[in-house]
Amino acid sequence: MIAVVLVGGEGTRLRPLTLDEPKPVLPIGGVPFLSLLLDRLAAAGVTRVIFSCGYLPERLRVGIGTPPPGVEVEVVVEDEPLGTAGAIRFAAAGRVDGPFLALNGDVLGDADFGALVRAHAAAGATASIGLTPVDDPTRFGVVVCDQDGNVERFVEKPPNADGLGPAPWWVNAGAYVLDPSVLDLVPADRMVSIEREVFPLLVGNGLIACQAEGYWRDIGTLESYLAANADAIGGQLHTRLGGSPTALLVDPTATVAAAAQLIAPVSIGAGAEIAEGATIGPDAVIGAASRVGANSVVRNAVLLDGAEVAAEATIERSVVGRGATVGERSSLLDSALGTGEIVGSDQALNDERRPH
Ligand code: GDD
Ligand code: MG
């Protein structure tokens, strides 16, 4: 089985974290998001993964790291964004000769892709969409089906829930199985959206949907990125991290002062240093080689690799970028610092106006 993973987006709502690093390689619980996705694809029997990208392709290649055994990875780069369908066509044409998986590369989950593949085969479908329940349909592609799973309507980002039935709404979870014939429906010379142009054409023509079991979250905003990290270390989703609500995932090469307090769930990466009196957690991910000074508080936050937080500082609902620095007694609330950014001493940063 082949999978095409769409990773062309610029991750604008996660800036400045995504200015020098595509969103899918940002770490979740200390591990690149795409690396967790590759684990899942390997578990579902996928042997070849084609990443379809345009934004920062070199950084993406580095961020993917070493794929799991038995999985071959290829990165296909578009000159111009082709839209979701155009990108799938560009990446898959000439490389697939049977049904293949196509995935949005910004969705964190643990549902079994194999179940979608089996449902597709059992129904003899042309295209199959994995569904997840949400309570705000306006940010997603809403799918209305009959009892047998045949899709009756696909409405991308409806302005409101009128005419869509009662909550919860089942929406496109960003995982499809597509017959190669679907590629013939995609014009080659312009941007084409699979959600707005291709799925509506397939309604009544072999488009089915299947409810996915398990954890699901779109990681587009600071809030959802932090929640995804908390869920990974807290064990709400199943990953190789082995998270749980009581997890203190401390790398053996990290140094934690005896007088520091760790409140689960917490993850502390290789070579990180936590000074005396610091409080880490709950829901804190401290990246490799990061440092937290004496009496500082880091909760519901992520420090990327090499970040430094000086003494008496507070980091809450925030992300400190790679190698970024927060000075003594400063506080960072609802904010994100990009790579290498510096916040001096005695500063108070609060960015509640960030996009949600
Ligand atoms: N290569 C490439 N080229 N990738 C693209 C392009 C493109 O032109 N446009 C979007 N992508 C990638 C994005 O990087 C992302 O991984 C995925 O395609 C979906 O695009 P988003 O921009 O994140 O869409 P969305 O989140 O607003 O909505 C989509 O995802 C929802 C689930 O999270 C839709 O598929 C909805 O129907 C769905 O419910
Ligand atoms: Mg998205």
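Remember, it's 1-based here, ligands and their atoms both numbered in the order they're listed. Computed from heavy atoms alone, side chains included, the values below leave out hydrogens, waters and symmetry copies.
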Could you tell me whether [X] approaches ligand 1 through its side chain, its backbone, both or neither, with non-hydrogen atoms closer than 4.0 Å?
X    : answer
V107 : side chain
K23  : neither
L82  : backbone
W216 : side chain

Run the numbers for me: atoms of ligand 1, each under 4.0 Å from some heavy atom of [X], listed by number.
X    : answer
A87  : 1 (N), 2 (C), 3 (N)
D218 : 26 (O), 33 (O)
G9   : 13 (C), 14 (O)
T84  : 10 (C), 18 (O)
E156 : 28 (O), 34 (C), 36 (C), 37 (O)
P81  : 8 (O)

Is a side-chain N or O of [X] found less than 3.5 angstrom from the main chain of [Y], in a donor-acceptor match?
X    : Y    : result
S330 : D346 : yes
T253 : G271 : yes
E341 : T339 : no
W216 : A173 : yes
S267 : I233 : no
N104 : D106 : no
Y55  : T18  : yes
S318 : D334 : yes

For I315, which of L349, L333, V302, V309 qualifies under side chain to side chain contact (heavy atoms under 4.5 Å, CB included)?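 For I315, the side chain to side chain contact (heavy atoms under 4.5 Å, CB included) test succeeds with only one of L349, L333, V302, V309, which is V309.
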Please name the residue in the list V326, L303, T279 that meets the side chain to side chain contact (heavy atoms under 4.5 Å, CB included) test with V292. L303
Quick test: of every protein heavy atom, which one is nearest to [atom], and how far off is it to 0.1 Å?
atom                    : value
atom 32 (C) of ligand 1 : N172 O, 3.5 Å
atom 4 (N) of ligand 1  : G8 N, 3.0 Å
atom 7 (C) of ligand 1  : G83 N, 3.7 Å
atom 29 (C) of ligand 1 : N104 ND2, 3.5 Å
atom 12 (C) of ligand 1 : L6 CB, 3.7 Å
atom 21 (P) of ligand 1 : D106 OD2, 4.3 Å
atom 34 (C) of ligand 1 : E195 OE2, 3.2 Å
atom 1 (N) of ligand 1  : E78 OE2, 2.7 Å

Restricting to N/O/S, name the atom of D106 that gets closest to the Mg ion (ligand 2).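 Looking at D106, the N, O or S atom with the least distance to the Mg ion (ligand 2) is OD2.
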Going by distance only, is there an N or O of K157 that falls short of 3.5 Å from an N or O of ligand 1?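 It does: an N or O of K157 is found under 3.5 Å from an N or O of ligand 1.
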Please check if any side-chain donor atom of [X] sits under 3.5 Å from a side-chain acceptor atom of [Y], or the reverse.
X    : Y    : result
N295 : E312 : yes
S52  : E78  : yes
T221 : E223 : no

Y176 near ligand 1, heavy-atom distance under 4.0 Å? yes
State if G105 counts as touching ligand 1 under the rule of any non-hydrogen atom under 4.0 Å. yes
